[in-house]
Amino acid sequence: MPNDNKFDKKVKPYKKSYLKKARNLIFGKTIPQKLFRTYIIVVFVGAALLYTPIALKHGYSMVVDNHGTMSHYSFWEAIFISCSSITDTGLTPAIISETYTLFGQIVMLILIEAGGIGLMTIIYFLWKLLTPKRNMDLNQIIMLQAERGNEKIGGTYQTLKKSVLFIVVTQIIIAFLMSFWLCWFKSYDQIGYEKTSPLALTYDDPTTPIDAYHNYGLAIWQGIFTSVSAINNAGFDIFTKGVSLSSFRSDWNVIFQLMIMFEIIIGGIGFPLIFDFMEKIRYRKLKQKYRLSLFTKVALVGFAVVTISGLAFSYSLEYTYVDPVAIQGGGSREIYDVAHYVCAHKEFGNNEAFNKAWTVLFNTVSTRSAGMSTVNQGIFSPGSQWTYIILMFVGTSPSSTGGGIRTTTLIIVIWTMISKIRGRDHVNLFHKQIPKYKVRDAMLITIVATFLVTFVSLIAYYSIPNNIRTNNFSMLQVFYEAASAFGTVGLSMGITGDIGHAGQIGLIVLMFVGQLGISATLLSWTRKNPKGNLVEYPVEDVRIG
């Protein structure tokens with residue numbers, strides 16, 4: 001017996017060592033590696049579930065693509081849609097409601113929620129629920145901070161706890177309101193894509209109300225799915241036909257859009273900002289002062305700058321652009337805006353002027369990262385489309401459900417340039433100095449993101465077959481797709497399914513980079529202690545531009 005115990009003591013360390021090596025091999029050693037690889041594993045698990053017969057309405061072989069036709073469904077489409085779901089992007093080569101069963105849609109819903117709130121955040125909350133007496137160690141807190149936390153490690157858990165609770169309660173309330181609206185307020189289905197129109201518009205079918213009208217079960221499910229998709233800035237929908245929310249683009253349905261816009265903003269402003277405002281309210285009740293963090297102030301400024309400038313450009317470009325197609329008879333020139341081709345089909349309902357303006361407003365807010373739209377993106381002028389590319393590239397706040405370079409990065413880059421013009425060595429915001437390494441990182445993120453989006457756009461463009469690309473697609477459309485992937489937006493001009501596998505791989509890379517961030521993605525490929533940090537060389541100045 002003593003010998004057996006002695007033998008066990010010798011074996012146990014070896015077992016732990018092998019288990020540790022296997023775990024490190026699969027998940028990596030560093031925090032960025034663990035984040036990146038865990039998301040990759042979940043993508044393949046989600047793809048496997050989305051490829052099963054019970055997830056598909058038409059079995060393994062067929063999928064309903066973005067053109068409304070049946071085409072071959074492979075495991076690659078399942079991977080792409082799984083990745084788009086976990087990164088809350090919304091790009092898809094298929095019509096979700098026509099392709100997936102309730103089971104498939106539930107799988108997508110879980111992936112969307114996990115990607116929005118944070119995969120590691122959900123895992124640790126479940127762990128905390130199952131083992132309430134165990135305290136979180138430092139590595140777990142750092143992991144949470146890297147994914148969705150604030151700038152202070154000590155306040156990360158409380159920030160996530162309160163913010164996630166607020167987001168979950170909000171999406172439940174909005175889901176109930178949406179379900180009520182879908183069930184009791186009549187909205188009409190859309191008649192496909194208008195093949196004869198160069199803008200591929202849809203228009204109301206006054207004889208066909210949407211499927212959820214007076215259908216309680218479907219209304220509840222569509223309300224839940226839409227609410228989760230909106231607050232996580234995912235861009236997916238399970239409405240049939242038409243373009244995303246095209247059945248709700250006008251008249252009284254702007255109330256339905258208001259619910260979605262509210263969730264888009266809540267999900268995009270960032271968890272630390274939500275926590276800051278909740279704390280401010282709590283302190284006000286206690287009649288105490290609470291100082292908002294620098295992050296909250298910069299994030300609010302970034303949100304305001306991007307939204308207001310985006311709206312200003314969109315309105316000015318939409319109402320002043322002259323479309324060459326609109327020149328008739330070599331004489332008068334028609335002003336091209338979102339009301340083009342509206343007379344024949346009452347595109348924007350009865351109150352045309354209001355609904356046109358609201359369409360631009362909703363699309364601009366949604367472009368930040370949400371990916372929901374009420375009209376086909378091809379209806380907007382090229383100037384507006386380039387504006388939306390920039391908005392998608394910037395994205396939302398850090399530690400939010402959106403992607404992009406983030407609004408705080410943009411503000412730091414802009415203020416760095418202003419400080420340089422003023423001849424200042426430091427970047428100061430709200431009477432606080434931004435650390436030099438943060439300024440450097442902001443510049444690096446912007447440069448790398450610009451290179452990645454451009455590079456993937458070129459790959460995607462040339463991956464489209466020549467006979468299709470030459471007559472149907474422009475580089476602007478492909479840039480739109482790439483910026484949408486990087487910003488985890490999901491808005492598309494309907495070309496996702498036509499892009500080749502090489503281009504779709506590039507889009508997947510952009511989705512991951514946009515979701516996890518440039519810094520975390522780059523660090524996921526490095527060692528824990530790079531050797532270059534151990535050696536310092538003499539400093540010598542170099543002249544630059």
Side-chain angles (χ1 to χ4, degrees), residues 81 84-92 94-117 167-190 202 209-250 252-268 358-359 362-363 365-375 401-402 488-492:
I81 294 173
S84 186
S85 299
I86 194 66
T87 59
D88 290 325
T89 302
L91 288 177
T92 170
I95 298 176
I96 303 303
S97 60
E98 297 294 322
T99 301
Y100 293 109
T101 61
L102 177 62
F103 174 78
Q105 293 172 17
I106 290 174
V107 171
M108 289 185 65
L109 186 75
I110 294 171
L111 291 173
I112 290 169
E113 190 78 284
I117 292 177
I167 285 178
V168 170
V169 171
T170 299
Q171 69 183 6
I172 290 173
I173 294 172
I174 299 296
F176 172 78
L177 295 175
M178 285 181 174
S179 299
F180 180 80
W181 186 275
L182 291 169
C183 187
W184 296 105
F185 289 83
K186 185 179 289 186
S187 301
Y188 292 103
D189 220 332
Q190 303 297 300
T202 60
I210 59 172
D211 294 342
Y213 184 63
H214 286 176
N215 185 334
Y216 308 118
L218 184 60
I220 291 172
W221 173 238
Q222 287 186 351
I224 293 171
F225 193 98
T226 305
S227 178
V228 171
S229 181
I231 204 164
N232 288 299
N233 283 224
F236 286 105
D237 69 88
I238 52 174
F239 301 112
T240 58
K241 304 178 183 178
V243 179
S244 189
L245 304 176
S246 54
S247 296
F248 315 97
R249 67 164 154 255
S250 59
W252 285 104
N253 280 311
V254 298
I255 297 175
F256 189 79
Q257 294 179 47
L258 269 175
M259 300 180 203
I260 293 174
M261 286 174 63
F262 176 75
E263 287 195 293
I264 289 171
I265 293 171
I266 291 296
W358 186 269
T359 296
F362 181 84
N363 200 82
V365 172
S366 181
T367 303
R368 294 286 310 287
S369 191
M372 292 182 170
S373 62
T374 55
V375 293
T401 60
T488 65
V489 180
L491 289 176
S492 173

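Starting from 1, each residue takes its place in the sequence as its number. In what follows, every heavy atom counts, from backbone to side chain, and hydrogens, waters and symmetry copies are set aside.
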Heavy-atom closest pair, residues [X] and [Y]:
X	Y	value
Gln222	Ile238	NE2-O, 3.6 Å
Ser229	Ile112	CA-CG2, 4.3 Å
Ile224	Ala175	CA-CB, 3.9 Å

I want to check something: taking the side chain as every heavy atom from C-beta on, are [X] and [Y] in contact at a cut-off of under 4.5 Å?
X	Y	result
Ile117	Val168	yes
Thr374	Asn363	no
Thr92	Ser84	no
Ser246	Phe239	no
Val375	Phe362	no

Any chance you could measure [X], atom [atom1], to [Y], atom [atom2], to the nearest 0.5 Å?
X	Y	atom1	atom2	result
Leu182	Asp211	CG	CG	11.0 Å
Leu111	Phe236	CG	CZ	9.0 Å
Thr226	Leu245	OG1	CG	7.0 Å

Main-chain N/O of [Y] paired to [X] side chain as donor or acceptor, under 3.5 Å:
X	Y	answer
Ser179	Ala219	yes
Ser366	Met372	yes
Gln105	Tyr100	yes

Going through the checks in order, is the side chain to side chain contact (heavy atoms under 4.5 Å, CB included) test met by Ser97 and Ile95? CA-CA 6 Å; Ser97 60; Ile95 298 176; 3.7 Å; yes
Determine all donor-acceptor pairs shorter than 3.5 Å in which one atom belongs to a side chain in residues 255-264; sequence neighbours excluded.
from   : atom 1 : to     : atom 2 : distance (Å)
Gln257 : OE1    : Trp358 : NE1    : 2.8
Gln257 : NE2    : Phe248 : O      : 2.5
Gln257 : NE2    : Arg249 : O      : 3.3
Glu263 : OE1    : Ser227 : OG     : 3.4
Glu263 : OE2    : Ser227 : OG     : 2.8

Does the side chain of Thr401 pick up a donor-acceptor pair with the side chain of Asp88 at under 3.5 Å?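 Per modelled atom types, Thr401 and Asp88 side chains form no pair under 3.5 Å.
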Residue list, side-chain contact (heavy atoms from CB on, under 4.5 Å) with Ser369, at least two apart or on another chain: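 Ser369 satisfies side-chain contact (heavy atoms from CB on, under 4.5 Å) with Asn233, Thr396, Thr488 only.
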Test side-chain hydrogen bond (donor to acceptor under 3.5 Å, both in side chains) applied to Gln171 - qualifying residues, sequence neighbours left out: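 For Gln171, the residues satisfying side-chain hydrogen bond (donor to acceptor under 3.5 Å, both in side chains) (neighbours in sequence not counted) are Glu113.
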Which class fits the ring pair Phe185 and Trp181: parallel under 30°, tilted 30 to 60°, perpendicular over 60°?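 Parallel, since the angle between the ring planes stays under 30°.
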Quick one, Asn215 with Trp221, criterion side chain to side chain contact (heavy atoms under 4.5 Å, CB included). Give me CA distance, side-chain angles, the key distance, then yes/no. CA-CA 10 Å; Asn215 185 334; Trp221 173 238; over 6 Å; no
